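Here's the structure we're looking at; comments come further down.
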Amino acid sequence: MLTLMKQEYYKAFKQNKLYIWLILSFAFPIAIIGIFKSQRTPSAVINLGQALLYVQMAGIIITALSVSQEFGFGTIRPLLSRRFSRGTVFVSKLLLNLSVYIGLFVTAFIGTVLAVALFIPKYDFSQSLGYTGNSWQTMGIGMLDTAIQMIFVAALVLMITNLVKSSGAAIGLGVVMIVATPLLSAISLKLIDLAPFLKWNPFNIYLGMSNLGMLSPSLLKQAMNISQNDLIIVYFIYIILMYGIAYLIFKKRSV
């Protein structure tokens, strides 16, 4: 596994220019907060200078490329010829993607703190922002919610990438899931109106988890028609199913 991970990072830096994605993650909040005075607010700060959106987009793109390029460039062949199982290769992809997500969050967080020090020196991180706590706590919840969304969307992206053998379609789906929240909400509400049991549809679960920690359990239940505990349980069921299907497709793909 250690050898596989070394190769994964080598390919990530050489093929996908991972260092550029990380540098941009660091620079994004500095640029936004530094250039736009309207973004020097608690709302912008807790969203890491709006870099949470960048982190989501970058993470999903890298997730799709990590699999599609393996087959597109033919690098899967030498891996399998060295007797690495497909299961081990698939797990190495997941570990790589997870570490990339963490790297993007860390660089965006550091960039945000630096931007605040440079352009909003009087900003008080300890000031309460309501139910979610102070800025530090709210930033932590925001990053956790974003990570939860990324893990969900990444599962869909891996399924589509393996199914259609193209990163373009998978990235397109990921972008829609990330930026088209109002559309997803409308679709989910329509499904629930048709039949109450459709509250368990993946769109509703995805939207509910994106608000985890931001809303009190009672408000979350009122908004999503599902209790917080049930929401978390169903989320993990979907995650296991989607990653399981993605692995089965990956296992059956021709080299």
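Note that the structure is a prediction, hence the values are computed from the model and not measured.
Nearest heavy atom pair, residue L96 against residue S66, reads CD2-CB, 4.4 Å. Here the closest non-hydrogen pair linking A154 and Y243 is CB-OH, 3.6 Å. Nearest heavy atom pair, residue L104 against residue W21, reads CD2-O, 3.8 Å. For the pair S92 and V89, the tightest heavy-atom approach, listed with the atom from each and the gap, is OG-O, 2.5 Å. Between G59 and M150, the shortest heavy-atom contact is CA-CE, 3.9 Å. Contact record, P29 with A51: CD-CB, 3.9 Å, taken as the closest heavy-atom pair.
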From CA spacing to verdict: side chain to side chain contact (heavy atoms under 4.5 Å, CB included), L94, L158:
CA-CA 10 Å; L94 299 185; L158 285 174; 3.7 Å; yes
For L48 and F28, what are the C-alpha separation, side-chain angles and deciding distance, and is it a side chain to side chain contact (heavy atoms under 4.5 Å, CB included)?
CA-CA 9 Å; L48 303 186; F28 193 95; over 6 Å; no
Go through it in stages, so that I can follow the logic: the residues are Y247 and V91, the test is side chain to side chain contact (heavy atoms under 4.5 Å, CB included), and I'd like the CA-CA distance, side-chain angles, deciding distance and then a yes or no.
CA-CA 9 Å; Y247 168 65; V91 170; over 6 Å; no
Derivation of the side chain to side chain contact (heavy atoms under 4.5 Å, CB included) call for L52 and M143
CA-CA 7 Å; L52 287 181; M143 287 189 284; 4.1 Å; yes
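Looking at heavy atoms from C-beta onward, V100 lies out of side-chain contact with F105 at the 4.5 angstrom threshold.
Residues I233, L241 make up the rest of the hydrophobic cluster containing I237, defined by ILVMFWY side-chain heavy atoms closer than 4.5 Å, directly or through other members.
Between the CG atom of N47 and the CD atom of Q39 there is a distance of 9.0 Å, given to the nearest 0.5 Å. Remark: L248 CG to M159 CE distance equals 10.0 Å, nearest 0.5 Å. Rounding to the nearest 0.5 Å gives a distance of 12.0 Å between CZ of F152 and CZ of F236. Rounded to the nearest 0.5 Å, atoms CG (L144) and CD1 (I141) are 8.0 Å apart. Taking CD1 of I30 as the reference point, atom CD1 of I33 lies at 8.5 Å (rounded to 0.5 Å). Here the OH-OG1 distance, from Y54 to T146, works out to 14.5 Å after rounding to the nearest 0.5 Å.
Tracing side-chain contacts under 4.5 Å through hydrophobic residues (I, L, V, M, F, W, Y), one never reaches V234 starting from I240; they form parts of separate clusters.
With sequence neighbours left out, the side-chain contact (heavy atoms from CB on, under 4.5 Å) criterion links L220 to N211, L212, L215, M224, Q228, L231.
Panel note: side chain Q56, backbone L53; no donor-acceptor pair is recorded below 3.5 Å. Judged by distance alone, the side chain of N204 and the main-chain N or O of K199 form a donor-acceptor pair under 3.5 Å.
Side-chain N/O atoms of S216 and S218 include a donor and acceptor closer than 3.5 Å.
Classification of the W136-F125 ring pair by plane angle, with boundaries at 30° and 60°, yields parallel. Ring orientation note: the planes of F250 and F90 are tilted relative to one another, at an angle of 30° to 60°.
Tested against I205 for a side chain to side chain contact (heavy atoms under 4.5 Å, CB included), the candidates D230, I232, I226 yield a single pass: I226.
Screening residues 98-125 for side-chain hydrogen bond (donor to acceptor under 3.5 Å, both in side chains) gives Y9-S99, S25-T107, T63-Y101, Y123-S135, D124-S126 as the qualifying pairs, with residues at least two apart or on separate chains.
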